[in-house]
Novice: 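I'd like to ask you about the structure that follows.
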Amino acid sequence: MCARVLQIHSDDNVAVALSTLRADEEFLDGCYTQSPIPQRHKVVTSVISKHSPIIMYGVTVGRSQRDLQIGDCLNQSDIVHDIGQYDLENRPTPEPWQPPNVSKWFNATFDGYHRSDGQVGTANYWIVIPLVFCENRNIDVLRRAFEDELGYSQHSTYRQQVASLVHSYRNTSSPLDSQLIPVNHDRVFQNVDGIHFLTHQLGCGGTPQDARTLCGLLAGYLHHPNVFGATVLSLGCENAQVSMLMEEVHKRDPDFDKPLYIFRQQSFASADALITQAINDTFTGLEKANQMQRSTAPLSKLTLGLECGGSDGFSGISANPAIGFTTDLLVALGGSAILGEFPELCGQEQSIIDRCVDLNTAARFIQLMESYASLADIVGAGFEMNPSAGNIIDGLLTGAMKSAGAVRKGGTSPVTAVLDYPEYATTAGLNLLCTPGGDVESTTAIAGAGAQIILFSTGMGTPTGNPLAQVIKVSSNTLLAKRLSDLIDFNAGTIIEGHETIESVGSQLLDLILAVANGNYIPAAVRMGQHDFIPWKRGVSL
């Protein structure tokens, strides 16, 4: 009989339906469904008494609200969030990690942009950022002035469409033109992959910590290996002062020497004067950036971000473990990875404690988890509230159940460092970064910690991208990969179908990463101009 369900761990008392099951259908030897089981949802595989733990991935993911029988469909009303306890002080001595076979990539390299601080970019960007929301209007003026004329607009076809409609409207005596009016979008600077304009709603008001945190995040973006240089707009009187920004920059790189043009609006006679000077200096910076050439770098220079969004009931058994295997391959080759989304590590504390390289690293992880949970409690929230409506509809019924699948993006390698937002990753191996579970806030933070490329798993589809990190979308199922092919770069659904293994798919993902790092493949989010940027305001987001 072809496998209809997957029991992930031998201790589990529920299994995942790999396809929709009919009522009274045999799903395991001698086991029959009590009712229809939708694909991705959970079917009970052994009797579970009321108030007893529900086990998936070998850990507690909830507690039963009623007596459950073999073959029952697990519904949201049947389960309440619950997690196992963790013990920091008595953690076992970590066993030596057994890395995967990396002989295929042992001598592999990529062609990237070498920076003077030793980092290597997989792209070559110029960024334009405000220190305060008051400058968002000026950032937008600069964006409209630069993008189209330099050939970086991803929306030239839509401009052509509107131009044709306007032309037709003004010439009503002639029929509607069937041909779009051409718009010149040739790239002026061939060695500059883009000029990206960031806006946000922070920088003044709030607390001193808010201003310092924002400056730390922006400093990470300036220090990022994919950035050649930047234009910064300041009003002048905001809390997030230029001096604070530069303090944070020099924490990350005491010898920072990238081209950096800073403009304080209150020092100019008019906004027009500010914009005029910013345009001239930025253009000069772009000319310098265009002189950069790619050259060979080892894979140890890669830092991979790990993210998920729009997860479904298959994410934890296809896309996420495949990403985890890719992570292990890169770590074994001397590279780095950053796993965030601390609300989605809830319930996985003990497994992470056991993987930390030392007790201090484990203690910092627990301190950040507990501090974050306390901040969430203050505003009437909690990690158990992390699953979205879409997650629940697709079978992820509790925060712990979602976490048990999400953590698999981090593979099996030791946790070498634990970072608080917005710290920058400097340690090879797997880094944990305290970020919220919201995908845009988290990808914003992971890029600010230095990830050149982000592997992003999704089961329902999301367009999320980032201005600096090249985001590769990995689908958990084949239907999504086909239906939203403009958003998805890679299909891990072949694992669900039994056509490929986690290891083979993870290996293919590493090959795709190298294609992106070499500039030979442009991810869908980059092609679409999906440059999402939302700084995290601490304690108010899950």
Novice: side-chain contact (heavy atoms from CB on, under 4.5 Å) with T494: which residues, sequence neighbours excluded?
Specialist: N491, E497, H499, E500, V505
Novice: Salt bridge (charged side-chain N to carboxylate O under 4.0 Å, His left out) with D420: which residues, sequence neighbours excluded?
Specialist: R538
Novice: Taking only residues at least two apart or on different chains, which pairs with a member in residues 330-341 satisfy salt bridge (Lys or Arg N to Asp or Glu O under 4.0 Å)?
Specialist: E341-K409
Novice: Evaluate M246 against I262 for side chain to side chain contact (heavy atoms under 4.5 Å, CB included), listing each step before the verdict.
Specialist: CA-CA 11 Å; M246 295 313 299; I262 300 174; 4.3 Å; yes
Novice: Are H223 and F256, when compared by the centres of their aromatic rings, separated by less than 6.0 Å?
Specialist: no
Novice: Do Y221 and N226 have side-chain atoms, one donor and one acceptor, less than 3.5 Å apart?
Specialist: no
Novice: Test side chain to side chain contact (heavy atoms under 4.5 Å, CB included) on F133 and T199; report intermediate values, then the result.
Specialist: CA-CA 7 Å; F133 57 82; T199 59; over 6 Å; no
Novice: Does either side chain, that of Q241 or that of N239, offer a donor lying less than 3.5 Å from an acceptor on the other one?
Specialist: no
Novice: Could you list the residues that satisfy side chain to side chain donor-acceptor pair (under 3.5 Å) with S388, not counting sequence neighbours?
Specialist: N391
Novice: Keeping to residues at least two apart or across chains, list the salt bridge (Lys or Arg N to Asp or Glu O under 4.0 Å) pairs with something in residues 104-132.
Specialist: K104-D511
Novice: Considering residues at least two apart in sequence or located in another chain, which fulfil the salt bridge (charged side-chain N to carboxylate O under 4.0 Å, His left out) criterion with D253?
Specialist: none
Novice: Sort and list the pairs that fulfil salt bridge (Lys or Arg N to Asp or Glu O under 4.0 Å) and have at least one residue in residues 422-435, not counting sequence neighbours.
Specialist: R364-E423
Novice: Between F197 and E147, does the side chain to side chain contact (heavy atoms under 4.5 Å, CB included) criterion hold? Intermediate values first, please.
Specialist: CA-CA 9 Å; F197 301 82; E147 278 189 343; 3.9 Å; yes
Novice: Show the numbers, then the answer: is there a side-chain hydrogen bond (donor to acceptor under 3.5 Å, both in side chains) between S116 and D257?
Specialist: CA-CA 8 Å; S116 63; D257 62 355; 2.7 Å; yes
Novice: Can you label the angle between the W536 ring and the Y372 ring as parallel, tilted or perpendicular, going by 30° and 60°?
Specialist: tilted
Novice: Should the pair R137-D140 be classified as a salt bridge under the 4.0 Å nitrogen-to-oxygen rule?
Specialist: no
Novice: Using the test salt bridge (charged side-chain N to carboxylate O under 4.0 Å, His left out), find all partners of R252 that sit at least two apart in sequence or belong to another chain.
Specialist: E248
Novice: In this structure, is the centre-to-centre distance between the rings of F342 and F365 below 6.0 Å?
Specialist: yes
Novice: Considering all heavy atoms of both residues, which atom of M292 and which atom of N124 are nearest to each other, and what is their separation?
Specialist: CB-ND2, 3.8 Å
Novice: Is there a donor in the side chain of S243 and an acceptor in the side chain of E247, or the other way round, less than 3.5 Å apart?
Specialist: no
Novice: Please name all residues satisfying side-chain contact (heavy atoms from CB on, under 4.5 Å) with S295, sequence neighbours left out, ordered by chain then number.
Specialist: H114
Novice: Taking ring pair (Phe, Tyr, Trp, His ring centres under 6.0 Å) as the definition, give me every residue that meets it alongside H196, ordered by chain and number, with sequence neighbours left out.
Specialist: Y125, H531
Novice: Please walk me through it: do D210 and T213 pass side-chain hydrogen bond (donor to acceptor under 3.5 Å, both in side chains)?
Specialist: CA-CA 5 Å; D210 291 336; T213 300; 5.8 Å; no
Novice: Kindly determine whether T416 and T361 satisfy side chain to side chain contact (heavy atoms under 4.5 Å, CB included), including the steps that lead there.
Specialist: CA-CA 8 Å; T416 55; T361 303; over 6 Å; no
Novice: Tell me the closest heavy-atom pair linking N290 and F189, and the distance in Å.
Specialist: OD1-C, 3.3 Å
Novice: We want to know whether T501 and S504 form a side-chain donor-acceptor pair, criterion being a heavy-atom distance below 3.5 angstrom.
Specialist: yes
Novice: Is it the case that the side chains of N138 and Q265 hold a donor-acceptor pair, with the cut-off being a distance below 3.5 Å and no angle test?
Specialist: yes
Novice: Give the C-alpha distance, both sets of side-chain angles, the deciding distance and a yes or no for side-chain hydrogen bond (donor to acceptor under 3.5 Å, both in side chains) between S507 and E503.
Specialist: CA-CA 6 Å; S507 297; E503 293 77 13; over 6 Å; no
Novice: Before giving the answer on side-chain hydrogen bond (donor to acceptor under 3.5 Å, both in side chains), spell out for N101 and S103 the whole-Å C-alpha distance, their side-chain angles and the decisive distance to 0.1 Å.
Specialist: CA-CA 6 Å; N101 184 351; S103 57; 2.9 Å; yes
Novice: Less than 3.5 Å apart, any donor N or O on the side chain of D281 or T284 sitting next to an acceptor on the other?
Specialist: no
Novice: Would you check if there is a donor-acceptor pair between the side chains of S315 and D312 at a distance under 3.5 Å?
Specialist: yes
Novice: Can you confirm whether T122 sits close enough to F110 that some side-chain heavy atom of one is under 4.5 Å from a side-chain heavy atom of the other?
Specialist: yes
Novice: Return the set of residues passing side-chain contact (heavy atoms from CB on, under 4.5 Å) with P523 (not counting sequence neighbours), or none when no residue passes.
Specialist: Q470, I472, D489, V516, Y521, V526
Novice: Taking all non-hydrogen atoms of both residues, which atom of Q266 and which atom of C237 are closest, and how far apart?
Specialist: NE2-SG, 3.2 Å
Novice: Under the salt bridge (charged side-chain N to carboxylate O under 4.0 Å, His left out) rule, collect the residues that match up with E135, sequence neighbours excluded.
Specialist: none
